[in-house]
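Chain A is the first sequence line, chain B the second, and so forth, proteins listed ahead of strands; every chain is numbered from 1. On a predicted model such as this, the values are computed, not experimentally measured, just so you know. Computed from heavy atoms alone, side chains included, the values below leave out hydrogens, waters and symmetry copies.
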Amino acid sequence: MEIKNAKYMKSLTDQEKIGISATIGGTDVTVPLDPANRHYEEIMRQVAAGEITIADAD
Amino acid sequence: MSKAAQLAALIGSGQAQGDKNLIINGAMQVAQRGTSLTGQGASSIFLLDRFRMNTNGASAGRYTITQTADGPSGFANCLKLDVTTADTSIAAGERLFIEHPFEGQNLQSIAKGTSDAQSLTLSFYVKGNAAATYVAGFYDNDNNRQVSKQFAVTTSWNRITLTFPPDTAGVLGDDNALSMQLRFYLHAGSNYTSGTISETWIAADGTKSVGSGTTSIFDSTNRTFFITGVQLEIGETATPFEHEDFGTTLRKCQRYFAVRENNHASSSQYFSLLQAYNTTSIFGYIADYPATMRATPTASQSGSFGAYKKDSGNASMPTTIGNLVGTNYGWRSDGWGSGSNLVAGDASVMFANAGAKLIADAEL
(Lines give C-alpha, C1' and ligand atoms only; values in the text may rest on other atoms or scores of the structure.)
Protein backbone atom coordinates (compact mmCIF):
# COMPACT_ATOMS: atom_id res chain seq x y z
CA MET A 1 0.00 0.00 0.00
CA GLU A 2 1.61 3.26 -1.11
CA ILE A 3 1.27 5.89 1.64
CA LYS A 4 2.61 9.41 1.20
CA ASN A 5 2.45 12.72 3.03
CA ALA A 6 1.34 11.26 6.37
CA LYS A 7 0.72 14.06 8.85
CA TYR A 8 -1.19 14.32 12.11
CA MET A 9 -4.26 16.55 12.07
CA LYS A 10 -5.44 18.72 14.94
CA SER A 11 -8.92 19.94 15.70
CA LEU A 12 -9.37 23.63 15.10
CA THR A 13 -11.53 23.92 18.15
CA ASP A 14 -9.68 22.01 20.88
CA GLN A 15 -6.27 21.28 19.29
CA GLU A 16 -6.63 17.53 19.94
CA LYS A 17 -5.23 15.01 17.44
CA ILE A 18 -8.12 13.90 15.24
CA GLY A 19 -6.47 11.69 12.68
CA ILE A 20 -3.72 11.37 10.10
CA SER A 21 -3.97 13.02 6.72
CA ALA A 22 -2.25 11.05 3.98
CA THR A 23 -2.26 10.25 0.30
CA ILE A 24 -3.08 6.56 -0.14
CA GLY A 25 -3.16 5.10 -3.62
CA GLY A 26 -3.26 8.61 -5.03
CA THR A 27 -6.27 9.73 -2.97
CA ASP A 28 -6.13 12.28 -0.15
CA VAL A 29 -7.72 10.74 2.92
CA THR A 30 -8.09 11.18 6.66
CA VAL A 31 -7.21 8.05 8.61
CA PRO A 32 -8.72 7.73 12.09
CA LEU A 33 -6.59 6.82 15.09
CA ASP A 34 -8.31 3.45 15.29
CA PRO A 35 -6.32 0.19 15.34
CA ALA A 36 -9.27 -1.58 13.68
CA ASN A 37 -8.90 0.64 10.60
CA ARG A 38 -6.74 -1.11 7.99
CA HIS A 39 -5.13 2.11 6.80
CA TYR A 40 -4.13 3.09 10.35
CA GLU A 41 -2.78 -0.41 10.92
CA GLU A 42 -0.71 -0.17 7.72
CA ILE A 43 0.60 3.31 8.55
CA MET A 44 1.74 2.10 11.96
CA ARG A 45 3.34 -0.96 10.37
CA GLN A 46 5.26 1.20 7.88
CA VAL A 47 6.31 3.61 10.64
CA ALA A 48 7.58 0.70 12.75
CA ALA A 49 9.47 -0.63 9.73
CA GLY A 50 11.07 2.75 9.16
CA GLU A 51 9.46 3.11 5.75
CA ILE A 52 7.54 6.32 6.47
CA THR A 53 7.25 8.93 9.20
CA ILE A 54 4.24 10.92 10.34
CA ALA A 55 4.78 14.66 10.37
CA ASP A 56 3.52 16.70 13.31
CA ALA A 57 0.37 18.72 12.93
CA ASP A 58 0.69 22.39 12.04
CA MET B 1 -37.20 -39.31 1.43
CA SER B 2 -40.53 -37.51 1.51
CA LYS B 3 -40.76 -33.78 0.83
CA ALA B 4 -41.61 -33.22 4.48
CA ALA B 5 -38.59 -35.23 5.59
CA GLN B 6 -36.36 -33.31 3.14
CA LEU B 7 -37.66 -30.03 4.52
CA ALA B 8 -37.10 -31.16 8.08
CA ALA B 9 -33.57 -32.20 7.21
CA LEU B 10 -32.87 -28.83 5.60
CA ILE B 11 -34.22 -26.97 8.60
CA GLY B 12 -32.17 -29.14 10.88
CA SER B 13 -29.04 -28.41 8.89
CA GLY B 14 -29.68 -24.68 8.98
CA GLN B 15 -29.62 -24.48 5.19
CA ALA B 16 -33.29 -23.61 4.80
CA GLN B 17 -32.86 -20.35 6.67
CA GLY B 18 -32.38 -16.96 5.05
CA ASP B 19 -28.93 -15.46 4.78
CA LYS B 20 -27.40 -18.87 4.13
CA ASN B 21 -24.81 -17.21 1.88
CA LEU B 22 -21.79 -16.06 3.88
CA ILE B 23 -20.66 -13.96 0.91
CA ILE B 24 -21.79 -10.33 0.58
CA ASN B 25 -22.48 -9.06 -2.96
CA GLY B 26 -21.97 -12.47 -4.56
CA ALA B 27 -24.15 -11.46 -7.52
CA MET B 28 -21.85 -8.50 -8.17
CA GLN B 29 -24.74 -6.05 -7.97
CA VAL B 30 -23.13 -3.31 -5.89
CA ALA B 31 -20.25 -1.20 -7.19
CA GLN B 32 -20.15 1.96 -5.08
CA ARG B 33 -16.62 2.89 -6.14
CA GLY B 34 -17.43 2.83 -9.86
CA THR B 35 -17.82 0.29 -12.62
CA SER B 36 -14.43 0.28 -14.34
CA LEU B 37 -10.74 0.66 -13.55
CA THR B 38 -8.04 0.37 -16.19
CA GLY B 39 -4.31 -0.28 -15.97
CA GLN B 40 -4.51 -2.23 -12.71
CA GLY B 41 -2.00 -4.78 -11.42
CA ALA B 42 0.59 -2.72 -9.58
CA SER B 43 -1.26 -2.64 -6.27
CA SER B 44 -4.31 -4.04 -4.48
CA ILE B 45 -7.64 -2.34 -5.18
CA PHE B 46 -11.38 -2.67 -4.72
CA LEU B 47 -13.89 -2.02 -7.50
CA LEU B 48 -17.00 -4.09 -6.83
CA ASP B 49 -17.96 -4.00 -3.19
CA ARG B 50 -16.38 -6.63 -0.93
CA PHE B 51 -14.15 -8.11 -3.66
CA ARG B 52 -10.55 -6.95 -3.49
CA MET B 53 -8.01 -7.51 -6.24
CA ASN B 54 -5.01 -8.49 -4.14
CA THR B 55 -1.58 -8.03 -5.70
CA ASN B 56 1.77 -9.27 -4.36
CA GLY B 57 5.12 -8.78 -6.03
CA ALA B 58 5.77 -6.62 -9.04
CA SER B 59 4.21 -8.31 -12.03
CA ALA B 60 4.30 -6.45 -15.32
CA GLY B 61 0.82 -7.81 -16.00
CA ARG B 62 -1.98 -5.28 -16.18
CA TYR B 63 -5.74 -5.67 -16.44
CA THR B 64 -8.99 -3.77 -16.68
CA ILE B 65 -11.62 -4.64 -14.11
CA THR B 66 -15.28 -3.89 -14.72
CA GLN B 67 -18.72 -4.57 -13.42
CA THR B 68 -20.10 -6.03 -16.64
CA ALA B 69 -23.67 -6.72 -17.67
CA ASP B 70 -23.17 -10.40 -18.34
CA GLY B 71 -23.98 -13.57 -16.48
CA PRO B 72 -25.73 -16.91 -16.55
CA SER B 73 -29.52 -16.96 -16.47
CA GLY B 74 -30.78 -14.96 -13.51
CA PHE B 75 -27.66 -12.84 -13.08
CA ALA B 76 -27.47 -9.34 -14.54
CA ASN B 77 -23.89 -8.55 -13.55
CA CYS B 78 -20.49 -10.08 -13.12
CA LEU B 79 -16.95 -9.07 -12.23
CA LYS B 80 -14.86 -9.14 -15.41
CA LEU B 81 -11.07 -9.04 -15.75
CA ASP B 82 -9.54 -8.26 -19.13
CA VAL B 83 -5.76 -8.54 -19.44
CA THR B 84 -4.17 -5.60 -21.24
CA THR B 85 -0.48 -6.33 -20.62
CA ALA B 86 0.87 -9.87 -20.46
CA ASP B 87 3.55 -11.15 -18.06
CA THR B 88 5.14 -14.40 -19.14
CA SER B 89 8.24 -13.98 -16.99
CA ILE B 90 6.78 -14.68 -13.60
CA ALA B 91 8.93 -13.85 -10.59
CA ALA B 92 8.76 -16.17 -7.60
CA GLY B 93 6.89 -13.77 -5.34
CA GLU B 94 4.24 -12.59 -7.77
CA ARG B 95 0.61 -13.32 -7.01
CA LEU B 96 -2.79 -11.99 -8.03
CA PHE B 97 -6.01 -13.12 -6.43
CA ILE B 98 -9.58 -11.98 -5.99
CA GLU B 99 -10.32 -11.83 -2.28
CA HIS B 100 -13.46 -11.69 -0.20
CA PRO B 101 -12.56 -10.88 3.43
CA PHE B 102 -14.66 -12.00 6.42
CA GLU B 103 -15.06 -10.65 9.92
CA GLY B 104 -14.56 -13.39 12.50
CA GLN B 105 -17.88 -12.64 14.17
CA ASN B 106 -19.66 -13.46 10.92
CA LEU B 107 -18.13 -16.93 10.73
CA GLN B 108 -18.83 -18.27 14.21
CA SER B 109 -21.48 -20.59 12.77
CA ILE B 110 -18.84 -22.67 10.98
CA ALA B 111 -17.40 -23.61 14.39
CA LYS B 112 -13.88 -23.60 13.02
CA GLY B 113 -11.27 -24.87 15.43
CA THR B 114 -13.72 -27.04 17.37
CA SER B 115 -14.81 -30.66 17.22
CA ASP B 116 -18.08 -29.41 15.67
CA ALA B 117 -16.34 -27.70 12.76
CA GLN B 118 -18.46 -27.58 9.61
CA SER B 119 -17.70 -28.32 5.98
CA LEU B 120 -18.03 -25.34 3.64
CA THR B 121 -19.37 -25.48 0.11
CA LEU B 122 -18.33 -22.76 -2.29
CA SER B 123 -20.22 -22.29 -5.55
CA PHE B 124 -19.81 -19.71 -8.29
CA TYR B 125 -20.28 -19.16 -12.02
CA VAL B 126 -17.24 -18.52 -14.21
CA LYS B 127 -16.17 -18.30 -17.83
CA GLY B 128 -13.17 -17.04 -19.78
CA ASN B 129 -11.84 -16.48 -23.26
CA ALA B 130 -10.37 -20.00 -23.36
CA ALA B 131 -9.93 -23.05 -21.18
CA ALA B 132 -7.99 -22.36 -18.00
CA THR B 133 -7.34 -23.84 -14.57
CA TYR B 134 -7.34 -21.61 -11.50
CA VAL B 135 -7.53 -22.18 -7.74
CA ALA B 136 -10.00 -21.19 -5.05
CA GLY B 137 -9.25 -21.47 -1.38
CA PHE B 138 -9.38 -20.00 2.09
CA TYR B 139 -6.78 -18.37 4.27
CA ASP B 140 -7.35 -18.27 8.03
CA ASN B 141 -5.76 -14.98 9.06
CA ASP B 142 -6.23 -15.62 12.79
CA ASN B 143 -4.31 -18.89 12.82
CA ASN B 144 -2.34 -18.84 9.56
CA ARG B 145 -3.97 -21.89 8.02
CA GLN B 146 -5.06 -22.60 4.46
CA VAL B 147 -6.90 -24.90 2.11
CA SER B 148 -7.25 -24.77 -1.69
CA LYS B 149 -8.83 -26.54 -4.66
CA GLN B 150 -8.44 -26.22 -8.42
CA PHE B 151 -11.30 -25.42 -10.76
CA ALA B 152 -11.66 -25.29 -14.53
CA VAL B 153 -12.89 -22.43 -16.68
CA THR B 154 -14.32 -22.77 -20.17
CA THR B 155 -15.70 -20.28 -22.67
CA SER B 156 -19.24 -20.83 -21.38
CA TRP B 157 -20.77 -19.96 -18.04
CA ASN B 158 -20.43 -22.96 -15.73
CA ARG B 159 -21.28 -23.33 -12.09
CA ILE B 160 -18.34 -24.59 -10.06
CA THR B 161 -18.98 -26.34 -6.76
CA LEU B 162 -16.14 -26.98 -4.33
CA THR B 163 -16.61 -28.52 -0.89
CA PHE B 164 -13.93 -27.85 1.70
CA PRO B 165 -13.51 -30.12 4.73
CA PRO B 166 -14.05 -28.94 8.30
CA ASP B 167 -11.06 -27.56 10.17
CA THR B 168 -10.94 -28.64 13.80
CA ALA B 169 -7.86 -26.47 14.42
CA GLY B 170 -7.72 -22.71 14.71
CA VAL B 171 -10.64 -20.91 16.33
CA LEU B 172 -11.68 -17.66 14.62
CA GLY B 173 -11.91 -14.51 16.70
CA ASP B 174 -15.43 -13.41 17.58
CA ASP B 175 -14.88 -9.78 16.64
CA ASN B 176 -14.91 -7.27 13.80
CA ALA B 177 -11.36 -7.97 12.65
CA LEU B 178 -10.23 -9.85 9.57
CA SER B 179 -10.36 -13.57 10.32
CA MET B 180 -10.55 -15.32 6.97
CA GLN B 181 -10.32 -14.67 3.25
CA LEU B 182 -11.86 -16.48 0.32
CA ARG B 183 -9.33 -16.32 -2.49
CA PHE B 184 -9.46 -16.96 -6.22
CA TYR B 185 -5.83 -17.31 -7.34
CA LEU B 186 -5.32 -16.20 -10.95
CA HIS B 187 -1.56 -15.68 -11.19
CA ALA B 188 1.25 -16.97 -9.00
CA GLY B 189 5.02 -17.43 -8.98
CA SER B 190 6.98 -20.38 -7.68
CA ASN B 191 6.69 -19.27 -4.06
CA TYR B 192 3.06 -20.38 -4.40
CA THR B 193 3.21 -23.11 -7.03
CA SER B 194 6.23 -25.26 -6.19
CA GLY B 195 4.42 -27.52 -3.74
CA THR B 196 1.45 -29.82 -4.05
CA ILE B 197 -1.85 -28.06 -3.51
CA SER B 198 -3.40 -28.99 -0.16
CA GLU B 199 -7.13 -29.80 -0.29
CA THR B 200 -7.19 -30.28 3.47
CA TRP B 201 -6.54 -27.56 6.00
CA ILE B 202 -2.86 -27.17 6.84
CA ALA B 203 -0.61 -24.65 8.56
CA ALA B 204 0.22 -21.87 6.15
CA ASP B 205 2.57 -22.99 3.40
CA GLY B 206 2.57 -20.68 0.41
CA THR B 207 4.01 -23.32 -1.90
CA LYS B 208 0.90 -25.45 -1.38
CA SER B 209 -1.64 -22.66 -1.85
CA VAL B 210 -1.77 -22.73 -5.65
CA GLY B 211 0.28 -25.75 -6.68
CA SER B 212 1.33 -26.76 -10.16
CA GLY B 213 -0.70 -27.03 -13.34
CA THR B 214 -2.54 -23.76 -12.95
CA THR B 215 -2.98 -21.01 -15.52
CA SER B 216 -1.60 -17.50 -15.20
CA ILE B 217 -4.22 -15.01 -16.28
CA PHE B 218 -1.32 -12.86 -17.45
CA ASP B 219 -0.11 -15.41 -20.02
CA SER B 220 -1.81 -13.52 -22.84
CA THR B 221 -3.55 -10.24 -23.52
CA ASN B 222 -6.43 -12.33 -24.83
CA ARG B 223 -7.24 -13.55 -21.32
CA THR B 224 -10.54 -12.68 -19.71
CA PHE B 225 -12.13 -13.94 -16.52
CA PHE B 226 -15.79 -13.53 -15.58
CA ILE B 227 -17.27 -14.46 -12.20
CA THR B 228 -20.62 -14.05 -10.46
CA GLY B 229 -23.06 -15.91 -8.25
CA VAL B 230 -20.50 -16.51 -5.52
CA GLN B 231 -22.03 -18.39 -2.63
CA LEU B 232 -20.49 -19.93 0.49
CA GLU B 233 -22.69 -22.09 2.68
CA ILE B 234 -22.32 -24.50 5.52
CA GLY B 235 -22.49 -28.17 4.62
CA GLU B 236 -21.49 -30.38 1.74
CA THR B 237 -24.22 -29.40 -0.73
CA ALA B 238 -24.46 -26.38 -3.00
CA THR B 239 -28.02 -25.09 -3.00
CA PRO B 240 -29.39 -22.61 -5.56
CA PHE B 241 -27.92 -19.12 -5.31
CA GLU B 242 -29.73 -17.00 -2.74
CA HIS B 243 -30.69 -13.85 -4.65
CA GLU B 244 -31.20 -10.68 -2.60
CA ASP B 245 -32.91 -7.43 -3.45
CA PHE B 246 -30.44 -4.64 -4.25
CA GLY B 247 -31.23 -2.68 -1.10
CA THR B 248 -30.42 -5.58 1.18
CA THR B 249 -27.06 -6.20 -0.47
CA LEU B 250 -26.24 -2.48 -0.54
CA ARG B 251 -26.97 -2.18 3.18
CA LYS B 252 -24.62 -5.08 3.92
CA CYS B 253 -21.90 -3.49 1.77
CA GLN B 254 -22.28 -0.14 3.53
CA ARG B 255 -20.92 -1.65 6.72
CA TYR B 256 -17.57 -1.64 4.88
CA PHE B 257 -17.79 1.24 2.40
CA ALA B 258 -20.23 4.13 2.17
CA VAL B 259 -20.81 7.11 -0.08
CA ARG B 260 -22.97 10.19 0.42
CA GLU B 261 -23.29 11.94 -2.92
CA ASN B 262 -25.11 14.81 -4.55
CA ASN B 263 -26.02 12.84 -7.65
CA HIS B 264 -28.14 15.63 -9.08
CA ALA B 265 -27.04 16.20 -12.66
CA SER B 266 -26.35 19.90 -12.50
CA SER B 267 -27.33 21.70 -9.32
CA SER B 268 -25.83 22.03 -5.87
CA GLN B 269 -27.73 20.63 -2.91
CA TYR B 270 -27.81 21.65 0.73
CA PHE B 271 -25.78 19.08 2.62
CA SER B 272 -25.57 20.05 6.27
CA LEU B 273 -25.68 22.86 8.81
CA LEU B 274 -22.36 23.94 10.30
CA GLN B 275 -21.34 26.83 12.55
CA ALA B 276 -18.83 29.64 12.14
CA TYR B 277 -15.94 29.37 14.59
CA ASN B 278 -14.39 32.71 13.72
CA THR B 279 -14.38 35.08 10.73
CA THR B 280 -12.78 32.56 8.37
CA SER B 281 -13.66 29.07 9.63
CA ILE B 282 -16.66 26.81 10.08
CA PHE B 283 -16.94 23.44 11.78
CA GLY B 284 -19.45 20.82 12.85
CA TYR B 285 -21.16 17.55 12.12
CA ILE B 286 -21.90 16.90 8.45
CA ALA B 287 -23.77 13.63 7.94
CA ASP B 288 -24.49 10.15 9.28
CA TYR B 289 -23.19 7.10 7.50
CA PRO B 290 -26.02 5.16 5.88
CA ALA B 291 -25.23 2.13 8.08
CA THR B 292 -23.21 1.34 11.17
CA MET B 293 -19.71 0.76 9.90
CA ARG B 294 -17.39 -2.06 10.88
CA ALA B 295 -14.81 0.30 12.39
CA THR B 296 -14.06 4.01 12.33
CA PRO B 297 -13.59 4.58 8.60
CA THR B 298 -11.03 6.41 6.55
CA ALA B 299 -12.71 9.56 5.22
CA SER B 300 -12.23 11.19 1.85
CA GLN B 301 -14.07 13.44 -0.57
CA SER B 302 -14.31 14.22 -4.26
CA GLY B 303 -15.91 17.07 -6.17
CA SER B 304 -16.47 20.53 -4.76
CA PHE B 305 -18.28 21.84 -1.71
CA GLY B 306 -19.10 25.26 -0.28
CA ALA B 307 -20.96 27.08 2.46
CA TYR B 308 -23.14 30.14 2.97
CA LYS B 309 -22.91 32.89 5.55
CA LYS B 310 -25.73 33.99 7.83
CA ASP B 311 -26.92 36.52 5.20
CA SER B 312 -27.01 33.73 2.56
CA GLY B 313 -24.00 35.14 0.78
CA ASN B 314 -21.29 32.69 -0.24
CA ALA B 315 -18.69 32.29 2.49
CA SER B 316 -16.02 31.71 -0.18
CA MET B 317 -14.77 28.53 1.45
CA PRO B 318 -12.14 26.44 -0.35
CA THR B 319 -14.00 23.82 -2.40
CA THR B 320 -12.38 21.01 -0.43
CA ILE B 321 -13.78 20.46 3.07
CA GLY B 322 -11.09 21.24 5.61
CA ASN B 323 -10.26 18.80 8.40
CA LEU B 324 -12.79 16.25 7.16
CA VAL B 325 -12.72 13.26 9.50
CA GLY B 326 -14.70 10.10 9.95
CA THR B 327 -16.08 9.37 13.39
CA ASN B 328 -17.68 6.10 14.43
CA TYR B 329 -21.09 7.45 13.35
CA GLY B 330 -20.59 10.03 10.59
CA TRP B 331 -18.50 12.63 8.78
CA ARG B 332 -17.57 15.93 10.46
CA SER B 333 -15.30 18.89 9.86
CA ASP B 334 -13.01 19.83 12.70
CA GLY B 335 -12.30 23.18 11.15
CA TRP B 336 -12.76 24.29 7.54
CA GLY B 337 -10.79 27.50 7.23
CA SER B 338 -9.84 30.21 4.70
CA GLY B 339 -13.38 31.49 4.20
CA SER B 340 -14.33 35.12 4.58
CA ASN B 341 -16.72 37.50 6.33
CA LEU B 342 -18.10 34.92 8.75
CA VAL B 343 -19.32 35.81 12.25
CA ALA B 344 -18.44 33.45 15.08
CA GLY B 345 -21.49 31.55 16.28
CA ASP B 346 -23.55 32.10 13.17
CA ALA B 347 -25.02 29.16 11.31
CA SER B 348 -23.55 28.22 7.95
CA VAL B 349 -25.41 26.09 5.45
CA MET B 350 -23.01 23.78 3.67
CA PHE B 351 -23.67 22.63 0.11
CA ALA B 352 -22.34 20.02 -2.29
CA ASN B 353 -22.00 20.80 -5.97
CA ALA B 354 -23.22 18.29 -8.56
CA GLY B 355 -21.36 15.02 -8.29
CA ALA B 356 -19.61 15.90 -5.04
CA LYS B 357 -19.37 13.04 -2.59
CA LEU B 358 -18.15 12.05 0.83
CA ILE B 359 -16.61 8.59 1.18
CA ALA B 360 -16.09 6.36 4.21
CA ASP B 361 -13.94 3.24 3.94
CA ALA B 362 -13.95 0.65 6.74
CA GLU B 363 -13.07 -2.37 4.61
CA LEU B 364 -11.09 -5.18 6.14
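- Here the straight-line distance linking atom CG of B:Leu178 with atom CD of A:Glu41 works out to 8.5 Å at 0.5 Å rounding.
- For chain A, the option among B:Thr327, B:Asn323, B:Thr55 with the highest count of heavy-atom pairs below 4.5 Å is B:Asn323.
- Inspection of the A:Asn37 and B:Thr298 side chains reveals an N or O donor paired with an N or O acceptor under 3.5 Å.
- B:Asp334 is listed as a side-chain neighbour of A:Ile18, based on a closest heavy-atom distance under 4.5 Å.
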Kindly indicate, with the supporting measurements, whether the criterion side-chain contact (heavy atoms from CB on, under 4.5 Å) is fulfilled by B:Asp361 and A:Arg38. CA-CA 9 Å; B:Asp361 183 346; A:Arg38 76 181 195 282; 2.8 Å; yes
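- Between B:Ser300 and A:Asp28, the closest heavy-atom pair is CB-O, 3.5 Å.
- To the nearest 0.5 Å, atoms OG1 (A:Thr30) and CH2 (B:Trp331) are separated by 12.5 Å.
- Here the closest non-hydrogen pair linking A:Met9 and B:Leu324 is CE-O, 4.2 Å.
- For A:Thr27, the part lying under 4.5 angstrom from a heavy atom of chain B is the side chain only.
- When heavy atoms are compared at a cutoff of 4.5 Å, B:Asn328 does not approach chain A at all.
- The 12-atom threshold is not exceeded at NZ of B:Lys310, counting heavy atoms of other residues, nucleotides or ligands nearer than 6.0 Å.
- If you tally non-hydrogen atom pairs under 4.5 Å between each of B:Leu364, B:Asn278, B:Asn176, B:Ile45 and chain A, the highest count goes to B:Leu364.
- Taking chain A as the reference chain and counting heavy-atom pairs below 4.5 Å, the highest number among B:Ala42, B:Ser302, B:Ala295 is found for B:Ala295.
- At a 4.5 Å heavy-atom cutoff, B:Ala177 makes no contact with chain A through either its backbone or its side chain.
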